[in-house]
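Since the structure comes first, as structure tokens, the remarks are kept for the end.
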Amino acid sequence: MTVSLDCEQVAKRLSQELPGSVVTVEKPAIVIRTERLREVAEFLRGNPDFEFNYLANLTAVDYLDYFEVVYHLVSLTHNYSLVLKVRCYDRVKPTVPSVVDIWRAADFQEREVYDLMGIVFDGHPNLKRLLLWEGFVGHPLRKDYL
Amino acid sequence: MEIEGHEPALSAWNIDVLEGKRIEELRVASQQPIADPDNWLGAELRRNILLTTVDYAVNWARSRSIFPLMFGLACCAFEMIATAASRFDIARFGMDIFRWSPRQADLMIVAGTITWKMAPAVKLIYEQMAEPKWVIAMGACAISGGTFRESYSVVPGLNRIVPVDVYVPGCPPRPEGLIHGIRLIHRKIMSESIGKR
């Protein structure tokens with residue numbers, strides 16, 4: 001069974017290694033500063049203590065005040081799991097850095113989030129609609145859709 | 001013993017004369033051979049000639065051998081598969097094989113939710129089927145969009161994109177329901193005319 005890492009301790013370690021990257025710790029997840037996401041991702045993937053080499057899931061939640069993008073990470077080497085979140089307060093053009101070059105699995109998942117939530121992933125090689133058709137107006141999983 | 005003035009009817013002589021007369025009559029009447037009784041030879045043929053209409057014959061052939069098209073879009077497909085498998089066995093209706101190619105199929109059973117992204121493919125496959133062709137909308141979603149009718153991504157009813165012959169309601173309908181729908185298609189085919197379609 002995969003061991004879920006203690007967020008407090010990982011957040012403490014992240015604050016030591018990459019000062020200022022952690023916004024807060026919500027019990028099962030660590031909220032990361034949006035512009036520092038790629039740094040944190042690269043650290044968690046590359047550091048031999050963690051080696052989070054598998055992105056199990058990438059999704060987004062609309063809290064009306066802000067969007068939250070959620071990353072479910074798994075380390076196949078250590079059998080660890082961890083949840084990262086980033087927040088995005090702009091409703092007109094919410095932008096989050098893409099992690100496609102760090103985890104290939106993010107490709108379609110980011111496209112799906114872009115399609116249904118309208119979050120733009122900066123640096124994505126092929127950011128276009130995945131489930132809906134080209135020319136569809138709006139992003140239907142947003143709370144204010146319809 | 002002879003009585004005068006009264007010739008006995010059956011004297012020995014008369015019996016001979018009468019016999020000779022019968023023989024002579026038969027001989028004269030039997031100059032030609034009697035034809036062999038051969039009318040039984042045509043009986044087999046008579047049993048195999050039916051008088052009917054072209055419409056009836058064509059419709060009979062069409063309705064007893066419908067080739068359905070594989071078309072599972074959502075959960076209704078499993079009821080369709082159950083209908084085709086051994087327990088419900090639509091081979092009883094001459095529908096042994098589900099065809100993968102629309103060009104070899106007569107009946108499109110649209111089983112499940114149709115999304116707008118899938119809709120062009122459904123329409124294209126319908127258009128690829130050769131005439132004559134029939135369509136069953138199976139389940140609430142294919143009939144009207146079902147639970148997802150108000151959704152941004154679901155077609156609110158198969159009849160928005162292709163003409164439908166029979167609607168089979170249910171969520172999903174049981175195989176018996178689908179078989180009833182197929183029987184209705186048979187009835188519809190029997191009532192058609194090749195003159196007008």
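Chain A is the first sequence line, chain B the second, and so forth, proteins listed ahead of strands; every chain is numbered from 1.
When hydrophobic clusters are built by joining Ile, Leu, Val, Met, Phe, Trp and Tyr residues whose side-chain heavy atoms come closer than 4.5 Å, directly or via intermediates, B:Met129 is not grouped with B:Phe67. Linking ILVMFWY residues whenever their side-chain heavy atoms come closer than 4.5 Å, directly or via other members, places A:Tyr66 and A:Val70 in the same cluster. A single hydrophobic cluster is not seen to contain both A:Val23 and A:Val83; linkage of ILVMFWY side chains at heavy-atom distances under 4.5 Å, directly or through other members, places them apart. B:Ile182 and B:Ile81 fall into different hydrophobic clusters, defined by Ile, Leu, Val, Met, Phe, Trp and Tyr side-chain heavy atoms under 4.5 Å apart, directly or through other members. Put simply, B:Ile189 and B:Ile136 are part of the same group of oily side chains (I, L, V, M, F, W, Y) that touch within less than 4.5 Å, one to the next.
Listed by chain and number, the hydrophobic cluster partners of B:Phe148 are B:Val154, where partners are ILVMFWY side chains within reach of under 4.5 Å, directly or through others.
Taking non-hydrogen atoms and a 4.5 Å limit, the residue list of residues 103-134 of chain A in contact with chain B, ordered by number, reads A:Leu116, A:Leu130, A:Leu131, A:Leu132, A:Trp133. Contacts with chain B (heavy atom to heavy atom, under 4.5 Å) involve no residue of residues 28-63 of chain A. Using non-hydrogen atoms only and a strict 4.5 Å limit, the part of residues 110-120 of chain B facing chain A consists of B:Trp116, B:Lys117.
Under a cut-off of 6.0 angstrom, the local environment of CZ in A:Arg91 is crowded, with over 12 non-hydrogen atoms contributed by other residues, nucleotides or ligands. Heavy-atom neighbours of B:Phe78 CZ from other residues, nucleotides or ligands within 6.0 Å: at or below the threshold of 12. Counting non-hydrogen atoms of other residues, nucleotides and ligands closer than 6.0 Å to CD of B:Glu127 gives a total above 12. Within a 6.0 Å radius of NZ in A:Lys143, other residues, nucleotides and ligands contribute more than 12 heavy atoms.
Taking 4.5 Å as the limit, some side-chain heavy atom of B:Tyr152 sits within range of a side-chain heavy atom of A:Leu141.
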